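None of the values given here were measured: they were computed from a predicted structure. Just so it is clear, the values below take in all heavy atoms, side chains as well, and ignore hydrogens, waters and symmetry mates. Chain identifiers are assigned alphabetically (A, B, ...) following the order of the sequence lines, protein sequences preceding nucleic acid strands; residue numbering begins at 1 within each chain.
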Amino acid sequence: MASSVSSAVEGKITLVQKKRLLPLPGEVLVKEGQEVEPDTPVAKISLRPGIPWVIPVARLIGVKDSELSECMLKKVGDEVKVKEIIARGKAGGIYGTKELESPTDGIIEDISDRSGRVVIREVFGKEEPPVDFDVAFDLGCRPRDLERFMIAKVGDEVKRGEIIAKKGDAAAYYTRTSKAPVSGIITDINYQTGFVTISRPFKEVVVSAYLKGRVASIIPQRGAVIEVPAVRLTGIFGVGHERHGVLKVLVDGPGDVLEPDMIPEDCEGQILVGGSLATNKAIERALKAGAAGLITGTASYLNVVESLQVKLGVGITGQEDIDMTLILMEGFGKLDMRQDVFETLKALEGCLACINGATQIRAGAIRPEIIVPFPEYTGEFAETEVFYEDLQEGLRVRVINEPYFGRKGRILELPRQPQVIESEAKVPVAVVELDDGEKVVVPRANVEIL
Amino acid sequence: MAADQPRCILATDVGSTTTKAILIEKRGDEYRLVTRGEMPTTVEAPWENVMIGVRKAIKRVEELTGRAILDDQGSLIRPQEGDRGVDYYVSTSSAGGGLQMMVAGLVKHISAESAHRAALGAGAVVLDVIAVDDGRSTSEQITRITELRPDIILMSGGVDGGSVSYLAALAETIVQANPQPRFGATYKLPLVYAGNKDAVDLVDSICEDTMELHVVENVRPRADVENLGPAREAIHDIFMNHVMAQAPGYGELLEWVDTTIMPTPGAVGHIIRVMAKEYNATIIGVDIGGATTDVFSEFEDTFTRTVSANLGMSYSICNVYEQAGFENIRRWVPFACNEASLSDWISNKMVRPTTIPQTLFCLMLEQALAREALRLSFQHHRELARKVEQEQLSVVWRSRKDVMKSSFGTEIIDMAKLDILVGSGGVLSHAPRRSQAAMMLLDAFQPEGFCQLAVDSIFMMPHLGVLASTHPDIAAEVFDKDCLVRLGTCVAPNGTTRDGRPALRVKVTLPGGEVVEEVVNFGDIKRIPLAVGEKATVEAEPVSPLDMGEGKGKKVTAEVHGGLVGIILDCRGRPLELPSDDRKRSEKLLAWIEAMDLYPMDLVRKYLEESPITSADAAQQEKGDKRRGIFSLFRR
């Protein structure tokens, strides 16, 4: 894997910093100054700390809601075990004093004198083995008949003591039930043995470093800032989430169309680079071959939607459940990738790239990005690029709307007065000499500076 | 003091796509618009500061007027002295993204349903609706709330004076779930409480440490009364402040303005209400922007505003395409159309929102998309523009189902009673021919009877709306003299009949006494010139089964206003249905284009020759066929 900096990209390296944060407070796993890889876990959290049990304790022990706190034997934050007595009603009455046992192991999260309820949160502290139990035996039925009596199904979350199967609807005497012995998720119902399996997965959210770099600072309980000298490019639209892989350029020039036969068989895990249009067959082939990402100038909108099975309507992407991240550098239809962008990617071929297709095109705009880290780089960082804010005569431009879509040229003149165009609108225009010598009048809003 | 009687007022609107600045001056005894400047909104990289676009728009106004408004440091010069500076500055804004909400209520089909509609009306994406009777256990609800990452929670429930205990339980459920906002670790999640007013203190005490509570009027103060406006307004205000907080540079803009920055839809709605009162009329207004389309209606003293957050002409244009579908877009264009090329063109507009159509073909496609965006937004508006009124029937005689049905309310919008239809937004205000704006409004909204049509001349309704909050007289004067472009009056009978049959007999008495008589066949549209400021008397006799509002075949007489388009006799049917056969549809569209002088016919015929519709039409074409239709025009 090439990691040294070539002269072609040396002037483009900046210090890239990324905040890597958990959505909720959790555990930070790295230290300041630590070197990290893209897959290095930076922070983690158990997203689902356990099923909440909301128990109407006041009603169950026969006291007023407002008297609940006086009757509790445990307080908020206390750990309780199943069957441990957690509340005791007031003495007296013909039924004596009522007591309430905890239905589960957990931690008391809330005691409310307004509603008379107590919330106990089960805690999944660690991975616990799945539990199998004989539901057919509980119901007294043949295993193959079990399906008729199941109330819960595979994938359902159940609580300890919850009825998951029931046989008989008539008088209660004839009804038999089977209750979940533990809380968790039903992962299997075996109609040959009559057993049901409940798993208790330890659900974690892990935030990775995303970049190959260094931990610049820690954000307590949330994550860290990762920084690295890198070349960073942004596209115009993307789909798919963070991935990384080695860059592989498949075409010779920015105007070349990416066809399926250009996709190598052994591109699994690589980030492929095309030129202008990537055909739908090329996208499908790259996806099938296991490429981690595809960077190209453009693709057809319908092909992206159909090949990747995504919806693009509201222009907010990045969470799609697809196996390949696609980044369009120029848009849709057929447009050449910009020459300088293509040359940069070509110079970076063989390097590790960290990409993210997330796009949000409204305020707080997010564009898809390609970051190629150079952690060993110790030279000077590039200055911020100068962006021409106004068109000027002589500037090289590209037309980005019909009827000259994609064609490049140079601005000859910027008439001061607005002019009437074919649509009959009167707008500020630019006179552009296209590369083939044709002189055209184009609305200024329809050109972009190259 | 300058602010009380400003001589020179600057107003800006920071939109999703462009930032517009207008200058208003007092000349003699009247306030008039001087000029307008427009530049792209600079919220995205590399600028990432809305103030850059605001300053550029103001500089454009400086160039056009020769007046200095900004000093060397780029700050506003105040007050006005000679030809320098301004006395007063106001602004609106709509640059922003989507709003995600969770709604909670006591009863699924009563308070939760009303709260759901309030949230939708404010333009939110509703992630879930939690209700005590929604079939889920409390712990399931807590688990669900924990999983969601809403921007705002709306909580309703209980009639005023009713029980509070269930509301306390609902509030506790929300607090126990500890929902986290999408943005910001330190951001307190806003909770809008729109339930039983007697429970306000209780809800406050439950939520005080964990959530930012906003209390508004009960959405269901009585079981048979619905009051969605205050909740919608609150959501919308929090939405704009929340979303706008994500737009960089907003803090500096706040320091510049002389009054609160209003969200653009709020400002447009405000001026619509002013208009309705001024003209004593029922009004529908629409503002079609880059990201959103906002519809406002004032019917029977009920004002309704809806924000279709994902329907617009640039950022949201792909969603218009996806929601409307290719067939609904191409039906408005008389030429063959290739879906692959059209979708690429649309998606490029989404990622390059400031581009404009140069060719007539692209203009017609853009206006076809606009029709669909307007239609879908109005559909959304009609679903929400309802009110629940006190039933006259005895409760004893109604089944529970009837009670539930009555809680949905009656629709307020009645197109036969619509007096004025006003359009705003670039695609309408900047249409090269005013008749194009008129047709987009007619095709999307399909008004019936007599209805005046108008557009905002240069999209300054937001500016005047915010100005009206502090200087209503100035705003009304400029609105009447400079903002509103009257297009004319549409005369449209309700109903359908056989194509080609006589549909409407009209006798128009023009100013000066000239009488024009017309017979319009079903399926046709005609124009009678009547200038701005002129009025005419129209006797309209529909041929049964068509109806002008007084009964089938009954003649109706009314005084109508003129405009740049004139009197439009629209007998294309209500509801308007285009022929299913593509050739017939194309012929009809061409006839309407010619009758209304929508586009230059020589260019229309040229495109028709290049891309004719045949019997085996583009609908049966394979997607991506590059040899036919629109793609062949795009290839060079």
Part of [X] within contact of chain B (heavy atom distance under 4.5 Å):
X	result
V442(A)	both
E109(A)	side chain
L335(A)	side chain
E330(A)	both

- request: Taking T359(A) for its side chain and G357(A) for its backbone only, find out whether a donor-acceptor pair lies under 3.5 Å.
  value: yes
Please classify the contact between [X] and chain A as side chain, backbone, both or neither, with a heavy-atom cut-off of under 4.5 Å.
X	result
L363(B)	side chain
S205(B)	both
I356(B)	both

- prompt: Would D336(A) and K408(A) count as a salt bridge (charged side-chain N to carboxylate O under 4.0 Å, His left out) if you check the C-alpha gap in whole Å, the side-chain angles of each, and the deciding distance to 0.1 Å?
  reply: CA-CA 10 Å; D336(A) 295 353; K408(A) 298 169 206 163; 3.5 Å; yes
task: Under the salt bridge (Lys or Arg N to Asp or Glu O under 4.0 Å) rule, collect the residues that match up with E162(A), sequence neighbours excluded.
output: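 For E162(A) there are no salt bridge (Lys or Arg N to Asp or Glu O under 4.0 Å) partners, ignoring immediate neighbours.
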field: For R117(A), salt bridge (Lys or Arg N to Asp or Glu O under 4.0 Å) partners two or more places apart
entry: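 None.
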Candidate pair D436(A) and R407(A), rule salt bridge (charged side-chain N to carboxylate O under 4.0 Å, His left out), full reasoning: CA-CA 9 Å; D436(A) 62 2; R407(A) 297 175 74 183; 2.6 Å; yes
Option in [options] with maximal non-hydrogen atom pairs under 4.5 Å from chain A:
options	value
A168(B), G290(B), P600(B), S343(B)	S343(B)
I317(B), I346(B), T354(B)	T354(B)
I206(B), V175(B), I142(B)	I206(B)

Have [X] and [Y] got a donor and an acceptor in their side chains that come within less than 3.5 Å?
X	Y	result
Y321(B)	E339(B)	yes
T359(B)	E402(A)	no
T173(B)	Q141(B)	no

Let's test your reading of the structure: which of [options] forms the most heavy-atom pairs below 4.5 Å with chain B?
options	answer
D65(A), V54(A), N446(A)	N446(A)
G331(A), S423(A), S115(A), G406(A)	S423(A)
V441(A), V420(A), N401(A)	N401(A)

field: Approximate separation, where rounding is to 0.5 Å, of Y607(B) OH and D602(B) CG
entry: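 Interatomic distance, Y607(B) OH to D602(B) CG, rounded to 0.5 Å: 10.5 Å.
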